[in-house]
Every structure is written in C-alpha cells, then in structure tokens.
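The structure under discussion appears below in the form of structure tokens.
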Amino acid sequence: MPLAKALELAQEYDLDLVEVAANARPPVCKLMDYGKFKYESAMKAREARKNQAHTVIKEMKLRPKIDPHDYDTKKGHVVRFLKQGDKVKITIMFRGREQSRPELGYRLLQRLAEDVQDLGFVESNPKQDGRNMIMVLGPHKKKTEAMAEAREAQAARKAERQQGKASA
C-alpha cells in the first residue's frame, strides 16, 4: 500500500502508523494506538520487575564456645533466611587462644550444615580467613519460588480471617 494511502487510513481511524520492520522490502508498518502500546509495554515491564528477585547474602556470626540456646536461636535465623530463598554466610570469629583450635569452629559449621540440610546446601566449604572461619549456605529453592509461597500463605491467612469475621 502506498505511504500516502496508509497515512490517510490511519487518520481516518484515528490511529498511528507505526513502522514494525524497517529493514524488510517493502518496509512493514502497522496501524495501532501507539500511546496505548507504550502504556501496555511499560505495565508488562513493571510486572516483570515486580516478580524479579535479587539474591541477598545474609550473614550470621558465631563464636566457637556458643551456648546451646544461643546456637538454636542463630540456627533459627539461618532457617528463616534459607526459607526466604536467601544465601547465608556463616562466620565463626576466633579470639585469643581460640585461634589455636580451628577444629572447634569447623565442627560447629558442620553441625549447622547438617541441621539445615533439608533447607539448604553448603555452597562453599568452611575455610579459615585470618581470625575468622567462613562457610556459605545456599537455599534449595529459588528466591522467586519462596516469594510466591509466601504470597500464597499470606492470601490463605487473609481468607481465613475474612471467613472468621463473617461467621462471628
């Protein structure tokens, strides 16, 4: 179709003439509402960004001589981080004479890894770094999966509350 006729047709229907494939012979154009197209593509991009998740590395610091209750508390934090789909960097800090006993820190890290193995895996094995020993745990499920599960659980709780109010 000649360009003049295509422009006339676009004006008649109050639409825009948009070039889709400039390199084709002859060039391919399309009649569309360009403002609406831009708005819809911006909404799609915004939705994609909303569902996107960036990986976060959370850090948990421990000492070799840790009390059982404190260990359970720290382990609970590590479990929560892994359930949320985040990586966890566990640091054992040695002070003074503790530096001569790195096996204590190694055993503590191994125990923690065994305790949370159903939620995460050892991404980097324990290694000594000066006064610290470091290990990184990665979650079994991706951050996006964890976020989707959390949203579903929140919607279920909200529905329960609504149902509880309706029956009361």
Side-chain angles (χ1 to χ4, degrees), residues 18 20-24 34 36-168:
V18 180
V20 178
N23 296 337
Y34 190 66
K36 182 178 177 184
F37 170 75
K38 289 282 284 182
Y39 174 76
E40 287 173 353
S41 64
M43 286 296 117
K44 282 181 189 172
R46 185 175 172 192
E47 192 68 29
R49 271 196 313 272
K50 187 171 124 181
N51 293 331
Q52 191 177 42
H54 57 283
T55 306
V56 179
I57 297 180
K58 306 279 189 168
E59 186 171 11
M60 189 58 51
K61 293 187 175 186
L62 306 170
R63 297 282 314 279
K65 296 187 291 187
I66 189 169
D67 192 59
H69 179 265
D70 294 336
Y71 172 80
D72 291 338
T73 303
K74 298 280 188 174
K75 183 181 84 171
H77 292 309
V78 170
V79 165
R80 187 181 74 220
F81 295 148
L82 290 172
K83 280 184 179 175
Q84 291 172 352
D86 294 321
K87 291 183 180 182
V88 185
K89 176 181 172 183
I90 293 116
T91 305
I92 305 277
M93 301 174 296
F94 297 100
R95 284 198 207 142
R97 292 184 192 162
E98 294 171 349
Q99 291 176 27
S100 64
R101 302 285 306 277
E103 67 274 3
L104 293 175
Y106 185 80
R107 273 188 280 172
L108 184 63
L109 289 174
Q110 291 301 326
R111 181 173 142 209
L112 183 64
E114 286 174 19
D115 288 347
V116 298
Q117 77 183 52
D118 56 326
L119 296 170
F121 62 95
V122 177
E123 201 167 274
S124 75
N125 287 317
K127 47 184 176 266
Q128 189 82 29
D129 181 28
R131 291 180 160 204
N132 301 327
M133 186 175 277
I134 297 167
M135 176 177 77
V136 179
L137 295 173
H140 285 307
K141 57 184 169 187
K142 291 187 168 64
K143 179 89 171 173
T144 50
E145 295 170 13
M147 286 171 54
E149 280 183 17
R151 269 192 237 115
E152 289 172 12
Q154 188 177 19
R157 285 193 305 268
K158 189 175 181 181
E160 277 183 28
R161 280 195 305 253
Q162 294 295 329
Q163 195 173 21
K165 285 181 182 178
S167 65

K75 atom NZ: more than 12 heavy-atom contacts under 6.0 Å: yes
4.5 Å side-chain heavy-atom contact, L109 and R107: no
Side-chain heavy-atom pair E123, K87 within 4.5 angstrom cut-off: yes
Other residues, nucleotides, ligands: >12 heavy atoms within 6.0 Å of F121 CZ: yes
Shortest non-hydrogen contact from P139 toward G85: CG-O, 3.5 Å
D115 and Y71 side chains, donor-acceptor separation under 3.5 Å: yes
Test item: Q128 and F94 side chains (from C-beta on) under 4.5 Å apart, heavy atoms: yes
Main-chain N/O of Q117 paired to H140 side chain as donor or acceptor, under 3.5 Å: yes
Within 6.0 angstrom of E103 CD, more than 12 heavy atoms from elsewhere: yes
Smallest separation among heavy atoms of M133 and P102, with atom names: CE-O, 3.5 Å
Backbone of K61 reached by a side-chain donor or acceptor of K74 within 3.5 Å: yes
Lys/Arg-Asp/Glu bridge criterion (N-O < 4.0 Å) met for K141, E149: yes
Value rounded to 0.5 Å, distance of CD1 in I90 from CG in L62: 7.0 Å
R97 atom CZ, neighbour heavy-atom count above 12 within 6.0 Å: no
Beyond-backbone contact of M135 with N125, side-chain heavy atoms, under 4.5 angstrom: no
E98 bridged to R131 by N-O distance under 4.0 Å: no
